[in-house]
Amino acid sequence: MREYVLEPSPARPQRPGFLDDLNDEQRRAVEHPGGPMLVLAGAGTGKTRTLTYRAAALIDRGLDPTRLLLLTFTNRASREMAERIAQLVPNGGADIWIGTFHRIAARILRRHADRLGYASGFGILGSEDAKDLATSVLAEVVQTVDGRRFPKAELLLSLLSAALNTDTPLQHVLTTRAPQFLSHLPKIDLVLTAYLQRKVELNVMDYDDLLVNLRLLLTDHDDLRAQYQAQFEHLLVDEYQDTNRLQAAIVQLMTGPQRNVMVVGDDCQSIYSFRGATVENILRFPEMWTGCEVFRLETNYRSVPEVLDVANRAIRHNARQFRKSLRSPKPPCGERPAWCVVPDAETQARFVAQRVLELRDTGTELAQMVVLYRAHHHALELQLELQRRGIPFTVRSGLRFFEQAHIRDLVAHLRVVINPWDQLSWTRVLRLRDGLGPRHAHTVWSALQASGDPWGALQSGAVGDALPKRARASFEACRALLLELASPALREAPGALFERLLAEGYEARLRSDYENGEQRVEDIRQLGHFAAGFADLSTFLEELQLVDGLAAQGVEKGGERDEHLVLSSVHQAKGLEWDAVFVLNLADGAFPMQAALNSEYAEEEERRLFYVAVTRARKALYLCQPTWGRDRERMMVMLRPSRFLAEVAAPGDGLLEQWTIGERR
């Protein structure tokens, strides 16, 4: 046998001394020779820098870039890291296997799909395509459910995704997330089995299949597992605290005997359990990987010391964590974070709007301020106040409150009661009913319009006569509800209208159609609380119409008026930063949420969420605590300050400055 020896590759050009950019904490991690490594990167401590410099240092030491795998959570993060690596070791970033878990999975599956019964040209279903296919399968498999509501395709896919990504039996997922459908479990199993079979027949995979099939490929095919373990001499994983069990299993399967795996993350920022992520992956990493070296990054370059003092105090109350303490190289700014006590949500909104304008007048741009909240409905009053004052804002957590489908659905009922000639609202209301599709909705509206008196025609009931039996029954139920909503007792109590609409069947619809049905129901209840402050339905709708008009006008482009105040859920704000941060509704039951108060595990995640909110602030931090709120019966009740505030504000240490917000006398 003849042996052929390769000469060493020419050295790659590099930026000399690039490791000098790192602080001592970062450099120790970057220069470590190898083996399992856990880098605990606190907020603002240079996590991305450490990860990219580690990749560049490995290439600089002679590692072939094709033997480096870097797993991220977003395509944007992948692009940014590849660009940074290329700047440090030119031409090095282009050859690295870098991408999201799903992108890397697709790349490998393209090569070996035949091992799983797929062709290499398999298609990848987007979320809408997956929903359409599941809807089609659902219609074929489930002909009847004995008159009981059956979960829609979107919810079924969400439950299946949760089961796959958390390695949890479907029955358990159903029990914890949608217990109202447990009796349907046999039929749900049939639907999901048929959905999985149909995808194979059509040679397509959905988003979850990419990870499931990659694990299957590596588990069942020893030769392929050995091939990729040999190829990737080093694995680097970003945001490890956000991985689920399936992703952690893939990391293990891809790591070879050399055990050169480095994961970077912060257990104190693990806030995505609702997506299937588990903090246990990062907490147990040293236990799972014997000989693991743990590195701590604790120098925070983002926030002033006053903000970090609050963050450190807040998170220390979690029992399950790696202890660390953030410190700032910046000098104290001299302004303590504010604990802002406000009478109620309306005053809270007025305070935030006024303080935002004051900060803007003193040099802080709107775009460098953010208002954070635990749930979308917490910003209801603030959105109204900002629109009244003409303060431009953008919502990072999704649509503006009143633009959401479930809000528009219920408001459409009220618009019909006030204005029976509102065709758009009529169409929306009718199409919410089972059996009343676009064609039947058009038939009803045409009859109402032709009568010359839509409300009189509704009262007579004759407009439903032309509909087939099922559609006519749905219309009669809709007709009865609208007539009830128009009664004087309800028209003069707009807050009660929303509870009536929920009770009539819309709450059940939300819970069957959406995994976040509970959150949507709470949105509607909060809108009912807001509506209760108006004397009658007409006054309430007039306020909403003014809001819609202001929103429709948009923001004048160009110059200083092009900037926007950012409104965001805390989840959406992770990884971002602003000069000034306002956190709303810091009361037990709101933040932390009520559902978390009876579970130590859930409460600790809520505390991590509070920690994430605090560490978004570079300079100014305003923690807003309303004193009064409304319960589910719309009665005013005194709210208990968030336990997170009490934990931070220890007597005598002065971490927070208490502000009492009151009216000018």
Side-chain angles (χ1 to χ4, degrees), residues 18-19 21-65 67-73 77-78 81 84-85 88-89 92-93 96-99 101 104 228-245 247-270 277-299 321-326:
F18 66 86
L19 294 185
D21 298 342
L22 305 174
N23 66 28
D24 290 342
E25 295 170 341
Q26 297 164 345
R27 188 159 185 162
R28 279 194 292 271
V30 166
E31 293 186 323
H32 192 265
M37 302 168 56
L38 169 60
V39 179
L40 296 169
T45 60
K47 168 186 66 68
T48 302
R49 170 179 289 255
T50 303
L51 199 60
T52 53
Y53 274 66
R54 171 69 174 174
L58 289 171
I59 296 169
D60 181 47
R61 296 205 305 244
L63 179 70
D64 184 334
R67 304 196 65 191
L68 177 61
L69 173 61
L70 203 168
L71 294 167
T72 70
F73 270 82
S78 299
M81 289 185 191
R84 291 193 189 190
I85 294 167
L88 298 173
V89 280
I96 296 174
W97 278 56
I98 183 170
F101 278 86
I104 295 299
Y228 285 103
Q229 287 181 351
Q231 175 178 341
F232 298 124
E233 188 174 337
H234 284 267
L235 266 71
L236 310 180
V237 188
D238 189 21
E239 302 284 14
Y240 196 70
Q241 79 282 345
D242 294 337
T243 54
N244 57 40
R245 291 180 181 174
Q247 290 162 329
I250 288 171
V251 170
Q252 276 199 305
L253 289 166
M254 297 285 279
T255 303
Q258 68 279 6
R259 301 171 76 239
N260 289 328
V261 55
M262 181 178 93
V263 301
V264 181
D266 182 7
D267 56 295
C268 294
Q269 296 186 73
S270 179
T278 173
V279 69
E280 295 301 316
N281 282 349
I282 192 167
L283 290 177
R284 297 185 60 210
F285 189 83
E287 172 189 335
M288 299 296 295
W289 296 82
T290 56
C292 174
E293 290 280 348
V294 179
F295 300 85
R296 283 175 167 80
L297 307 184
E298 297 176 301
T299 304
Q321 64 168 298
F322 291 107
R323 297 289 174 183
K324 56 181 115 35
S325 182
L326 297 181

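Just so you know, these numbers use all the heavy atoms, side chains as well, and skip hydrogens, waters and symmetry mates.
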J.: Would you check if the side chain of Gln252 reaches a backbone N or O of Ala249 as a donor-acceptor pair within less than 3.5 Å?
T.: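 A pair under 3.5 Å: no.
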J.: If we only count heavy atoms from C-beta on, is the Leu58 to Asn260 side-chain gap below 4.5 Å?
T.: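 SC-SC contact between Leu58 and Asn260 ruled out.
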J.: Could you check whether any side-chain heavy atom of Val264 comes within less than 4.5 Å of a side-chain heavy atom of Thr48, counting everything from C-beta outward?
T.: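 No, their side chains stay 4.5 Å or more apart.
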J.: Using the rule ring pair (Phe, Tyr, Trp, His ring centres under 6.0 Å), only one of Phe101, Phe285, Phe73, Trp289 pairs with Tyr240; which is it?
T.: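 Single ring pair (Phe, Tyr, Trp, His ring centres under 6.0 Å) partner of Tyr240 among Phe101, Phe285, Phe73, Trp289: Phe285.
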J.: Are any of the side-chain heavy atoms of Arg49 and Leu22 separated by less than 4.5 Å?
T.: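 Touching, per the 4.5 Å side-chain cut-off.
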J.: Using a 3.5 Å distance criterion without hydrogens, assess whether the side chain of Glu233 forms a donor-acceptor pair with backbone atoms of Leu68.
T.: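 Checked: no pair found.
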J.: If you round to the nearest 0.5 Å, how far is CZ of Arg323 from CZ of Arg296?
T.: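 That separation rounds to 10.5 Å.
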J.: So, Lys324 and Asp267, do they make that salt bridge, N to O below 4.0 Å?
T.: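 Yes, charged N to carboxylate O under 4.0 Å.
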J.: Does the side chain of Leu71 reach to within under 4.5 Å of the side chain of Ile104, using non-hydrogen atoms?
T.: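 Heavy-atom side-chain distance check passes, below 4.5 Å.
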J.: For Thr72, enumerate each residue passing the side-chain hydrogen bond (donor to acceptor under 3.5 Å, both in side chains) test, keeping only those at least two apart in sequence or located in another chain.
T.: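 For Thr72, the residues satisfying side-chain hydrogen bond (donor to acceptor under 3.5 Å, both in side chains) (neighbours in sequence not counted) are Ser78.
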J.: Is any side-chain heavy atom of Arg54 closer than 4.5 Å to one of Met262?
T.: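 Met262 reaches Arg54 side chain to side chain.
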J.: State, to 0.1 Å, how close Leu51 and Met81 come at their nearest heavy-atom pair, and which atoms those are.
T.: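 It is CD2-CE, 3.6 Å.
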J.: Under 3.5 Å, sequence neighbours excluded: what are the donor-acceptor pairs made by side chains of residues 32-41?
T.:
unit_1	atom_1	unit_2	atom_2	d
His32	ND1	Gly34	N	3.3
His32	ND1	Gly34	O	3.1

J.: So, taking the atom named CD in Gln269 and the one named CD1 in Ile282, what distance separates them when rounded to the nearest 0.5 Å?
T.: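 Atom-to-atom, Gln269:CD and Ile282:CD1 are 10.0 Å apart.
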J.: Distance check, rounded to the nearest 0.5 Å: Glu280 atom CD versus Ser270 atom OG?
T.: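 The CD atom of Glu280 sits 9.0 Å away from the OG atom of Ser270.
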J.: When you measure from the side chain of Arg67 to the backbone N and O of Phe232, does any donor-acceptor pair fall under 3.5 Å?
T.: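 Looks like no, no N/O pair under 3.5 Å.
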J.: How far apart are the C-alpha atoms of Gln231 and Trp97, what are their side-chain angles, what is the distance that settles it, and do they pass the side-chain contact (heavy atoms from CB on, under 4.5 Å) test?
T.: CA-CA 11 Å; Gln231 175 178 341; Trp97 278 56; 3.4 Å; yes
J.: Below 4.5 Å, heavy atoms only, C-beta onward: do Val261 and Val251 meet side chain to side chain?
T.: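 Yes, close enough: below the 4.5 Å cut-off.
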J.: Rounded to the nearest 0.5 Å, how far apart are CD1 of Ile85 and CG of Asp60?
T.: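 Here the interatomic distance stands at 12.5 Å.
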J.: For Glu25 and Thr299, indicate whether the former's side chain and the latter's backbone hold a donor-acceptor pair under 3.5 Å.
T.: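 Looks like yes, one N/O pair under 3.5 Å.
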J.: To the nearest 0.5 Å, what is the distance between CG (Asn23) and CZ (Arg27)?
T.: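 Answer for the CG-CZ pair, Asn23 versus Arg27, is 10.5 Å.
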J.: Please answer whether the main-chain N or O of Thr290 pairs with a side-chain N or O of Arg259 as donor and acceptor at a distance below 3.5 Å.
T.: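 Pair found, side chain donor or acceptor close to backbone of Thr290.
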J.: Under the side-chain hydrogen bond (donor to acceptor under 3.5 Å, both in side chains) test against Thr243, which residue among Thr278, Asn281, Asp238 passes?
T.: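 By the side-chain hydrogen bond (donor to acceptor under 3.5 Å, both in side chains) criterion, Thr243 pairs with just one of Thr278, Asn281, Asp238: Asn281.
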J.: Taking the side chain as everything from C-beta on, heavy atoms only, tell me whether Leu326 gets closer than 4.5 Å to Thr45.
T.: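 Touching, per the 4.5 Å side-chain cut-off.
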J.: Using the rule given for side-chain contact (heavy atoms from CB on, under 4.5 Å), can you reason through Leu297 versus Thr50, listing the C-alpha separation, both sets of side-chain angles and the distance that settles it, and then say yes or no?
T.: CA-CA 9 Å; Leu297 307 184; Thr50 303; 3.4 Å; yes
J.: For Gln241 and Asp266, indicate whether the former's side chain and the latter's backbone hold a donor-acceptor pair under 3.5 Å.
T.: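 At least one qualifying donor-acceptor pair exists.
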